[in-house]
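Read through the structure below, which is laid out as structure tokens, and then see the notes.
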There are 2 protein chains.
Amino acid sequence: MQVAALAGVSKSTASRALINDPRILPTTREAVLKASDELNYHPNSLARSLKTKKTSMLGIAINNLQNSTLREIVERFQELAGDENLQVLLSVTHGNPDEEARFLDMAIELQLAGVIVAGSGQNSDRLNRLSARGISTVSMIRLVEGAEAHSILPDYYQSSVLATQHLISQGHKKISFIGGHKIYTSGRETLKGFYDTMFASNLRIDQSCVHLGPYEPSFGNVAGKKFLETMRESKVSALIVANHEASHELLPFLTQSKISIPDELSIICLEDAEWFTWWHPPISAINNRPKEMAELAFEIIHPKNYGVKNVITGAENFRLAPILVERESVGSFKNPRRAKK
Amino acid sequence: MQVAALAGVSKSTASRALINDPRILPTTREAVLKASDELNYHPNSLARSLKTKKTSMLGIAINNLQNSTLREIVERFQELAGDENLQVLLSVTHGNPDEEARFLDMAIELQLAGVIVAGSGQNSDRLNRLSARGISTVSMIRLVEGAEAHSILPDYYQSSVLATQHLISQGHKKISFIGGHKIYTSGRETLKGFYDTMFASNLRIDQSCVHLGPYEPSFGNVAGKKFLETMRESKVSALIVANHEASHELLPFLTQSKISIPDELSIICLEDAEWFTWWHPPISAINNRPKEMAELAFEIIHPKNYGVKNVITGAENFRLAPILVERESVGSFKNPRRAKK
DNA sequence: CTGAAAGCGCTTACAG
DNA sequence: CTGAAAGCGCTTACAG
């Protein structure tokens, strides 16, 4: 170590000084620090990690960066990590299990301290292998069947309940629902929340008014057209959008179709996004708290717990309570007949 | 090494077999591979990197993940890296030079193979320090004064020229401009492109029709209002939006204001985004080719060039030629008087 | 309070 | 074709 030579001490001492070992003499520490500064010394983390068996790198594998929930998770996560000088390795997997698998293998080769996976919902075997090696893992957004890792998900069911109740409380009785396919955790749970709440209020659900499809923008147009066909005749006065991707095309489509919001139609979305506040009118939504999800995940995989035997007696499934964000796209139901008199 | 023991060879041989050294006997390689498989062996990259002085990690520091250009750069970059089993460390800096500095220091401690910075435009000293240590660097989006690194930027000037020419070719003579502050490379260059092109066509620019502001969504509303005030009296028939962030609020604002696009007003944006295709009507834009920028950047910092003495005689400044993407928000100019007859 | 020595898990000349 | 040995740049018992 060059620094040691310049400071005129052994490399043990130099190392200790740099690492802030309390038993080093203040004066010699000074000398070492000065030498280090002069040489513009930067310790080699690889060597340190190899020796200490501790690494300061975290990993996150995520489906995409476009969905605002996912993006906010990544941003908050990397912010928290940065605050503690931890690094984060990113992989955008597009829901591809193979990408994810590769990432997880890499995680063990690079000895990551922890990994969070918001992805395909597969690879439980690999996920378990990580835990076995002492790498803490948490899965987000989707349940991964058979994994022993903790998981953090929005409370999809509750978010749907919340939205439906909100609409009902505003006097709406005929409510339409645009959601995601039932093969997804979120698709199933939001639909159930809607059904249960309507049922509990003795409200009827017209089957022709629920439209389920892929989580893709283009489904917004498809669903929008179907919705329009039945809207008037079914006297629908409110719409729940449980398919965020679809909302990207759905909202412009509705504006284009001259549907007046909220006068003619109230709308609420089950996932929030910045642009909802920019829309005219601003769109009410359910905030599923991506930031808090990231915080929880960070806490769980924090390296301070590194090496701590993580005796998982069972995967804990955290569900964050959603929050209703009222903006201007939901109005109270005006009975058309009364309006006529 | 456990694998060596199981396979009954020395660890030298095991290592060579795993690393695909050609002079290992096929049969012994088989044995080693089998043992490795059985033990579920994963090599420790840290140790390998320490020895070989080669690392498979790249870094990217970026202002934010919301801007679609930046997001696409990150996505493409990580995709390319993933294809070659390279890892990417991400830092979202929010344009904060200190964050960036910390990231750069970390880059040398972690011995990253290469780093790309699309950020504050500062930290030239640290950037140069990286190059001095053999870490290849490239700066993107903004020029960083005094850095010896290569830089890759959209050709802001040309994108503005392209848009203006397009509008002029459609018969527009009164054109308004909403852009970014002149303190930014992009703000200056887009404005100049607009001026030069108008001037070259002997077209007059009404100073009350150019609005410059911060790259923030809220400026969209501000600029939109100012624009509306002058639009009719100045007989403006087309608008160039050179401030992408502002467009988020500007476009909804214009729709809300019942401006009919493109009949009353033609619009073209100098930065593309997915949602422009979902808008009604789809918004014409200039594609500044974020994907190609990422590809170029990746090529430059590729570890295959690691260790190669990077004799930089001067920072090369790459500018990618922008592409006009015609959609439906630009129409040809209809002379109002003629329409009346 | 400081130093000499061992060792983290690999790779790679150097012999054979 | 294979093995013994050295060494990458650190940290950390163990002595002193």
Side-chain angles (χ1 to χ4, degrees), chain A residues 1-33 35-36 39-57 85 105-113 133-135 303 306-307, chain B residues 1-33 35-36 39-57 85 105-113 133-135 303 306-307:
Chain A
M1 204 195 265
Q2 282 199 64
V3 177
L6 213 188
V9 297
S10 74
K11 59 195 180 110
S12 321
T13 306
S15 173
R16 283 192 269 251
L18 260 1
I19 225 169
N20 249 302
D21 190 306
R23 42 190 193 171
I24 245 66
L25 252 193
T27 56
T28 78
R29 166 173 298 127
E30 289 307 310
V32 173
L33 257 26
S36 150
L39 295 174
N40 225 311
Y41 170 77
H42 287 269
N44 183 327
S45 314
L46 265 36
R48 169 178 299 168
S49 293
L50 182 60
K51 178 63 185 168
T52 62
K53 297 175 166 308
K54 282 194 181 68
T55 212
S56 62
M57 297 185 294
N85 252 302
D105 283 347
M106 175 281 292
I108 102 138
E109 291 172 9
L110 238 35
Q111 322 285 121
L112 300 197
R133 302 221 185 198
I135 300 178
Y306 190 87
Chain B
M1 202 195 267
Q2 282 200 62
V3 176
L6 213 187
V9 297
S10 75
K11 60 196 182 108
S12 321
T13 306
S15 173
R16 281 192 270 252
L18 260 3
I19 223 169
N20 249 302
D21 190 306
R23 44 191 190 168
I24 244 64
L25 253 193
T27 54
T28 80
R29 164 172 299 125
E30 289 306 310
V32 172
L33 257 28
S36 150
L39 295 175
N40 225 310
Y41 170 77
H42 286 270
N44 183 327
S45 313
L46 266 35
R48 170 178 298 168
S49 292
L50 182 60
K51 178 63 184 167
T52 62
K53 295 173 165 313
K54 281 193 181 70
T55 211
S56 61
M57 296 185 294
N85 253 301
D105 284 347
M106 174 283 293
I108 102 137
E109 291 172 9
L110 239 34
Q111 322 285 120
L112 300 197
R133 304 222 183 196
I135 300 178
Y306 190 86

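The sequence lines fix the lettering, A, B, ..., with proteins before strands; numbering per chain opens at 1.
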Residues in side chain to side chain contact (heavy atoms under 4.5 Å, CB included) contact with A:Asp105, at least two apart in sequence or another chain: A:Arg126, A:Arg129, B:His42
Straight-line distance of B:Tyr41 OH to B:Leu33 CG, nearest 0.5 Å: 11.5 Å
Spacing of B:Arg48 atom CZ and A:Leu110 atom CG [to the nearest 0.5 Å]: 11.0 Å
Sugar-phosphate only, base, or nothing, as touched by A:Ser45 at under 4.0 Å among non-hydrogen atoms: nothing
A:Lys11 side, atom NZ; A:Leu18 side, atom CG - distance, nearest 0.5 Å: 13.5 Å
Atom pair distance, as rounded to whole Å: NZ in A:Lys54 and C1' in C:dG7: 16 Å
Point-to-point distance, once rounded to the nearest 0.5 Å, from CG of B:Asn44 to NZ of B:Lys51: 15.0 Å
Stepwise side chain to side chain contact (heavy atoms under 4.5 Å, CB included) check, B:Arg133 with A:Asn40: CA-CA 11 Å; B:Arg133 304 222 183 196; A:Asn40 225 311; 4.0 Å; yes
Interatomic distance, A:Arg29 CZ vs C:dC1 P [rounded to whole Å]: 10 Å
Heavy-atom protein contacts under 4.0 Å, nucleotides 11-16 of chain D, coded B base, S sugar-phosphate only, - none: BBB---
Check: A:Ser49 main-chain N/O paired with A:Thr55 side-chain donor or acceptor under 3.5 Å: no
Rounded distance in Å between the P positions of D:dC1 and D:dA5: 24 Å
DNA chain D: 5'-proximal contact among B:Ile24 and A:Leu46 (nearest heavy atom): B:Ile24
Minimum-distance nucleotide (side-chain atoms of A:Ser10 versus C:dC10, C:dA4, D:dG3): C:dA4
Integer-rounded Å distance: D:dC10 P and B:Leu110 CG: 13 Å
Spacing of the C1' atoms in C:dG16 and C:dT12 (rounded, Å): 16 Å
Rounded interatomic separation in angstrom, taking CG from B:Asp21 and P from D:dG3: 13 Å
Sugar-phosphate, base or nothing in reach of A:Ser49, heavy atoms under 4.0 Å: nothing
Separation of C:dC8 P from A:Gln111 CD (nearest whole Å): 14 Å
Nucleotide-level pairing of DNA chain D, given in dot-bracket where Watson-Crick and G-U pairs need both distances under 3.5 Å and | marks other strands: |||.||||||||.|||
Nearest-0.5 Å distance that lies between atom CD in A:Gln111 and atom CE in A:Met57: 8.5 Å
Between D:dT2 (C1') and B:Glu30 (CD): distance, integer Å: 17 Å
Pairwise distance CG(B:Leu50) to OG(B:Ser45) - rounded to 0.5 angstrom: 12.0 Å
